[in-house]
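To start, the structure itself, in structure tokens.
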Amino acid sequence: MGYWLLKSEPQTFSLADLEMAPDRTTPWEGVRNYQARNFLRDGLQVGDEAFFYHSGTARPAVVGIVQVVRAGYPDTTAWDPASPYHDPGSTPDHPRWHRVDVRFVRRLRRAVTLAELKRYRDLLGDFALLRPGSRLSVLPVTAEQWAFILEREAQAPP
DNA sequence: GCCAACGTTGGC
DNA sequence: GCCAACGTTGGC
């Protein structure tokens with residue numbers, strides 16, 4: 001089973017929004033970066049778990065856990081001219097962008113902030129989130145990194 | 001609001 | 001294929 005991290009700006013779509021969504025499930029769509037697209041299309045499998053990460057805030061942090069309930073399938077918002085994610089280069093015959101469906105699992109007992117993760121950079125190894133200038137909105141997490149962040153959750157903030 | 005990092009575009 | 005210009009992301 002794989003582990004991932006999904007970024008979202010809470011003002012656009014927050015963990016609370018997911019909690020209130022029908023079935024507590026949402027398509028993870030609108031990703032328009034090829035590397036992230038490849039993870040969505042080929043990497044994330046049903047049953048995989050992902051951290052829900054809030055970016056673009058004063059306190060960027062891992063705030064929850066979601067589970068993949070549908071593996072990669074075409075992102076139809078790409079060929080919807082009314083969608084902010086419209087991309088005329090993607091067509092039903094040749095979809096360029098993909099999405100997955102994720103379901104809310106739980107909120108973390110406390111947010112584990114980016115600042116905190118940076119303090120433990122040495123213990124986290126090569127973590128995609130901590131790479132300089134990393135802007136990937138979908139990124140892989142190793143089993144060790146996953147376990148470590150859950151350990152941090154169980155402890156008092158540093 | 002600023003700025004660094006990065007991806008994409010398009011001229012050549 | 002190179003590279004400058006531009007737009008976007010996202011932390012601070």
Side-chain angles (χ1 to χ4, degrees), chain A residues 2-19 21 26-44 48-66 68 72-102 104-105 107-142 144-146 148-153 155-158:
Chain A
Y3 298 105
W4 307 91
L5 182 144
L6 302 175
K7 283 184 194 172
S8 185
E9 297 188 16
Q11 51 197 29
T12 304
F13 189 82
S14 68
L15 185 63
D17 292 329
L18 178 58
E19 243 183 310
T26 191
W28 203 265
E29 62 195 9
V31 172
R32 297 294 179 264
N33 168 283
Y34 285 104
Q35 210 179 335
R37 185 281 309 269
N38 293 346
F39 288 135
L40 289 176
R41 189 187 58 188
D42 312 322
L44 281 76
D48 284 1
E49 290 186 293
F51 287 128
F52 196 114
Y53 176 89
H54 279 168
S55 66
T57 73
R59 237 173 128 253
V62 176
V63 293
I65 294 174
V66 301
V68 179
Y73 65 105
D75 182 349
T76 58
T77 63
W79 53 75
D80 173 5
S83 168
Y85 306 126
H86 181 230
D87 174 10
S90 184
T91 66
D93 282 346
H94 297 94
R96 176 180 289 174
W97 306 112
H98 285 67
R99 61 186 169 189
V100 300
D101 289 352
V102 297
F104 178 88
V105 172
R107 184 172 285 275
L108 294 196
R109 287 197 288 281
R110 67 177 185 88
V112 177
T113 65
L114 177 64
E116 179 173 351
L117 295 177
K118 285 182 171 173
R119 291 178 62 134
Y120 295 99
R121 175 174 258 136
D122 293 348
L123 297 173
L124 281 163
D126 183 23
F127 190 18
L129 183 71
L130 299 183
R131 283 185 206 142
S134 164
R135 297 172 355 191
L136 270 186
S137 60
V138 178
L139 51 92
V141 175
T142 67
E144 292 77 16
Q145 289 158 354
W146 184 269
F148 182 80
I149 291 169
L150 293 183
E151 278 174 38
R152 289 309 316 158
E153 178 204 10
Q155 320 230 335

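Below, chain A is the first sequence line, B the second, and so on; all start at residue 1.
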- For residues 28-40 of chain A, pull every pair meeting salt bridge (Lys or Arg N to Asp or Glu O under 4.0 Å), keeping only residues two or more places apart or in separate chains.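 The answer is E29(A)-R99(A), R32(A)-D75(A).
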
Counterpart residues, side-chain hydrogen bond (donor to acceptor under 3.5 Å, both in side chains), relative to [X] (two or more places apart):
X	value
E9(A)	Q11(A)
Y120(A)	R152(A)
D87(A)	R96(A), W97(A)

- For F104(A), check ring pair (Phe, Tyr, Trp, His ring centres under 6.0 Å) against everything at least two apart and list the hits.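 Counting only residues at least two positions away or on another chain, F104(A) forms no ring pair (Phe, Tyr, Trp, His ring centres under 6.0 Å).
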
- Note on the structure: Given protein heavy atoms under 4.0 Å, the one-letter contact record of nucleotides 7-12 of chain C, with B base, S sugar-phosphate only and - none, is simply BBBSSS

